Engineer: 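For reference, the structure I am asking about is given below.
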Amino acid sequence: MVRPARNVQGSVRLPGDKSISHRYAMLAGIAEGPSRLENYSTGADCASTLACMRSLGVTWERSDQDGAANTIEVQGRGLSLAPSTSALDCGNSGSTMRMLCGIVAGQKFTSEMVGDESLSRRPMARVITPLSAMGAEIASYEGKPPLRITGARLKAIDYTMPVASAQVKSCLLFAALLADGETRIEEPLRTRDHGEVALRAFGAKLDRKSSGSGNEIRMSGGQRLRGIEARIPGDLSSAAFFLCAAALFPGSQLTIPNLLMNPTRARLLDVLMQIGLRISVTQLEEIHGELVGALQVEGGRLTEATIAGADSAALIDEIPVLAAIAPYMEQGIEVRDAKELRVKESDRIAAVATNLRLMGAQVEEREDGLKIPGGQTLHGAELDSYSDHRIAMAFAVAALRAEGETLIRGAEAAAISYPAFFQTLEEVTER
Ligand code: S3P
């Protein structure tokens with residue numbers, strides 16, 4: 001139950017970025033020597049990745065017993081993993097299934113991968129097609145999980161990705177590491193580059209070249225990785241909920257230390273500034289190739305935004321919360337070219353439109369996006385998270401400016417990426 005608020009004020013320390021946590025856990029497992037990962041994501045998705053790595057013979061432990069620093073120590077076992085005695089359970093995590101596919105496809109054994117009801121509906125052909133071309137044998141249920149992957153000695157591939165997806169790109173780079181020869185991957189639109197940055201951090205060599213709005217990566221197989229010690233920057237996609245909450249209140253003030261500032265993720269900050277949030281960044285530093293900084297934000301007027309083309313790919317995880325606050329802006333938001341939102345943990349276009357309408361908003365739902373006029377007054381309502389963490393959190397934010405209380409059913413889904421979300425939101429809201 002979320003009650004309306006008067007203001008947002010305070011400081012938020014965020015758990016480690018989910019995208020980076022997954023990749024570090026996987027690469028630490030196939031590196032040589034130990035890795036120490038501080039501020040590992042507290043989300044259930046990243047725990048799914050760790051559990052799968054354990055099933056594949058990787059030893060790891062949480063080194064801080066009170067759990068406060070969320071430090072994971074991983075003993076890398078090199079590129080060869082051990083067969084799991086049971087199916088690899090990826091839970092709700094598309095990142096776990098798609099990226100780990102690339103690693104198990106290059107092993108000398110067969111693996112089964114399963115997921116929950118939501119993951120079992122998500123498209124896997126995007127990884128099955130290129131991994132099969134590299135020599136793996138993959139059986140699926142009509143292109144969806146469960147997957148049965150018979151590993152092989154992979155061959156390098158020259159591949160242009162038809163869908164802009166960082167999960168697919170990382171999957172193929174991980175497979176490329178285990179393949180004979182040089183792999184070349186081209187992406188039509190630039191997506192988050194944590195896979196490339198992490199591979200370099202663990203000692204791999206790869207070449208990157210931008211081509212127009214896209215990107216080309218070349219990497220040779222057979223490279224050995226070595227473990228790292230890292231502090232994972234705060235999750236920028238989790239920060240989005242607090243930034244949008246702050247944006248709702250003129251005069252709000254929020255600081256977020258140790259936040260991920262990777263340019264392939266930070267488009268959100270440009271859009272929020274354009275809409276009217278005042279943002280300043282200090283203490284910029286680079287840790288293992290990832291840019292990190294401290295953010296100070298101050299609420300002002302909220303105008304409008306159009307999100308389309310490359311921006312839709314760059315903001316794919318933040319569109320639900322931007323859309324959820326759109327009715328409170330002066331002119332609202334238009335989102336185009338975002339049909340990928342329909343195949344996330346839920347159909348996020350439909351979920352946003354339905355919940356906003358339940359709160360009394362006028363919304364135009366389109367196949368590839370939404371148009372939401374501004375200047376609207378919303379009322380509290382009974383909403384559904386659709387078992388989707390980002391929908392649960394987006395509507396907790398929208399509810400702060402509604403008239404009356406909002407009940408979000410299935411709000412516990414927030415734990416997929418951010419178990420402490422509701423508690424932290426409560427700490428920074430003034431009533
Ligand atoms: C992610 C990429 C995005 C994003 C997901 C995390 C990643 O998915 O939605 O939450 O870590 O690479 P796609 O690659 O399918 O767009």
Side-chain angles (χ1 to χ4, degrees), residues 15-27 40-41 43-46 48-49 90-103 115 118-119 121-130 143-145 161-174 185 187-199 214-215 217 232-233 235-241 260 262 264-265 267-268 290 307 310-322 335 337-349 351 368 388-394 413-414 416-418:
D17 187 71
K18 180 155 102 64
S19 292
I20 297 177
S21 295
H22 282 301
R23 288 164 171 87
Y24 279 6
M26 290 180 199
L27 294 182
Y40 188 80
S41 165
D45 271 6
C46 294
S48 292
T49 290
C90 303
N92 190 243
S93 176
S95 296
T96 306
M97 188 172 282
R98 294 194 180 123
M99 297 196 284
L100 200 51
C101 255
I103 295 177
S118 149
L119 183 53
R121 285 195 301 264
R122 298 182 64 188
M124 294 296 148
R126 53 187 66 191
V127 290
I128 296 174
T129 305
K144 302 199 167 122
M161 301 192 323
V163 201
S165 163
Q167 291 174 354
V168 176
K169 178 174 58 170
S170 289
C171 162
L172 298 181
L173 286 172
F174 295 173
I185 299 166
E187 53 177 351
L189 292 174
R190 209 163 299 153
T191 63
R192 62 191 76 189
D193 65 357
H194 305 300
E196 299 91 302
V197 172
L199 277 163
N215 213 2
I217 306 141
I232 301 175
D235 192 314
L236 186 54
S237 300
S238 297
F241 301 104
L260 177 69
N262 177 314
T264 63
R265 290 282 294 285
R267 189 79 188 100
L268 171 73
E290 292 286 3
I307 301 168
D311 280 351
S312 298
L315 287 162
I316 200 72
D317 290 340
E318 293 80 37
I319 290 174
V321 67
L322 287 168
V335 178
D337 310 317
K339 68 173 193 302
E340 272 293 300
L341 285 176
R342 295 206 182 266
V343 290
K344 293 290 177 187
E345 287 83 330
S346 70
D347 175 342
R348 288 182 173 161
I349 294 178
D368 70 339
D388 182 331
H389 56 128
R390 299 208 194 276
I391 297 299
M393 294 187 277
I416 284 298
S417 58
Y418 192 0

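Just the heavy atoms: all of them, side chains too, but no hydrogens, waters or symmetry mates, feed the values below. Source: prediction; values computed, not measured. In listed order, ligands and their atoms are each counted from 1.
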Engineer: What is the nearest protein non-hydrogen atom to atom 10 (O) of ligand 1, stated with its residue, atom name and distance?
Structural biologist: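 Heavy-atom neighbour on the protein nearest atom 10 (O) of ligand 1: Asp317 OD2, 2.8 Å.
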Engineer: Name the residue from Asp317, Leu315, Leu236 that meets the side chain to side chain contact (heavy atoms under 4.5 Å, CB included) definition with Arg265.
Structural biologist: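 Testing Arg265 for a side chain to side chain contact (heavy atoms under 4.5 Å, CB included) against Asp317, Leu315, Leu236 leaves exactly one candidate, Leu236.
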Engineer: Can Arg98 be said to touch ligand 1, with heavy atoms closer than 4.0 Å?
Structural biologist: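 Under 4.0 Å: yes for Arg98.
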Engineer: Salt-bridged, Asp17 to Arg192, with N to O below 4.0 Å?
Structural biologist: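 A salt bridge is absent here (no side-chain N lies under 4.0 Å from a carboxylate O).
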Engineer: Side chain, backbone, both or neither: which part of Lys169 has a heavy atom under 4.0 Å from ligand 1?
Structural biologist: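 Neither; nothing of Lys169 gets under 4.0 Å from ligand 1.
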Engineer: So if I count the atoms of ligand 1 from 1 in the order they appear, which ones are less than 4.0 Å from some heavy atom of Ile316?
Structural biologist: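 Going through ligand 1 atom by atom, the ones under 4.0 Å from Ile316 are 9 (O).
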Engineer: At what distance is the nearest protein heavy atom to atom 12 (O) of ligand 1, and which residue and atom is it?
Structural biologist: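 Residue, atom and distance for the closest contact: Arg23 NH2, 2.6 Å.
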Engineer: Kindly say whether Glu187 contributes a backbone atom to a donor-acceptor pair with the side chain of Lys169 at under 3.5 angstrom?
Structural biologist: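 Absent.
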Engineer: Taking 4.0 Å as the limit for heavy-atom contacts, which would you say applies to Arg192 with ligand 1: side chain only, backbone only, both, or neither?
Structural biologist: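 Within the 4.0 Å criterion, Arg192 contacts ligand 1 through side-chain atoms alone.
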Engineer: What protein heavy atom sits nearest atom 14 (O) of ligand 1, and how far away is it?
Structural biologist: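 Nearest protein contact, heavy atoms only, for atom 14 (O) of ligand 1 is Ser165 OG, 2.7 Å.
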Engineer: What atoms of ligand 1 come closer than 4.0 angstrom to any heavy atom of Ala166?
Structural biologist: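 Reading through ligand 1 atom by atom, the close ones are 12 (O), 14 (O).
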Engineer: Look only at interatomic distance and state if Glu340 has a nitrogen or oxygen under 3.5 Å from any nitrogen or oxygen of ligand 1.
Structural biologist: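 Looking only at distances, the answer is no, because the N/O contact criterion of under 3.5 Å is not met.
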Engineer: Report yes or no: does Tyr40 contribute a side-chain atom to a donor-acceptor pair with the main-chain N or O of Cys46 at less than 3.5 Å?
Structural biologist: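 At least one qualifying donor-acceptor pair exists.
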Engineer: Hey, are Glu318 and Arg390 close enough for a salt bridge, meaning a charged N less than 4.0 Å from a carboxylate O?
Structural biologist: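 Answer for the salt bridge query: no.
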Engineer: For Tyr24 and Ile232, what are the C-alpha separation, side-chain angles and deciding distance, and is it a side-chain contact (heavy atoms from CB on, under 4.5 Å)?
Structural biologist: CA-CA 9 Å; Tyr24 279 6; Ile232 301 175; 3.8 Å; yes
Engineer: At a 4.0 Å cut-off, with the gap strictly under it, does some heavy atom of Met99 reach an atom of ligand 1?
Structural biologist: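 Per 4.0 Å heavy-atom rule, Met99 does not contact ligand 1.
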Engineer: Looking at ligand 1, does any of its N/O atoms fall within less than 3.5 Å of an N/O of Gln167?
Structural biologist: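 Looking only at distances, the answer is yes, because the N/O contact criterion of under 3.5 Å is met.
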Engineer: For ligand 1, is Ser170 a contact, meaning one of its heavy atoms is under 4.0 Å away?
Structural biologist: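 The answer is no, since Ser170 has no heavy atom less than 4.0 Å from ligand 1.
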Engineer: Could you grab the distance from atom OH of Tyr418 to atom CE of Met393, nearest 0.5 Å is fine?
Structural biologist: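 If I round to the nearest 0.5 Å, the distance is 9.0 Å.
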Engineer: What is the distance from atom CD of Gln167 to atom CZ of Arg23, rounded to the nearest 0.5 Å?
Structural biologist: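 Nearest 0.5 Å value for the CD-CZ distance: 7.0 Å.
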Engineer: Going by an N to O cut-off under 4.0 Å, is there a salt bridge joining Lys344 and Asp388?
Structural biologist: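 Judged by the 4.0 Å cut-off on N to carboxylate O distance, Lys344 and Asp388 do not form a salt bridge.
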Engineer: To the nearest 0.1 Å, how far is atom 3 (C) of ligand 1 from its closest protein heavy atom, and which atom is that?
Structural biologist: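 So the nearest neighbour among protein heavy atoms is Lys344 NZ, 3.7 Å.
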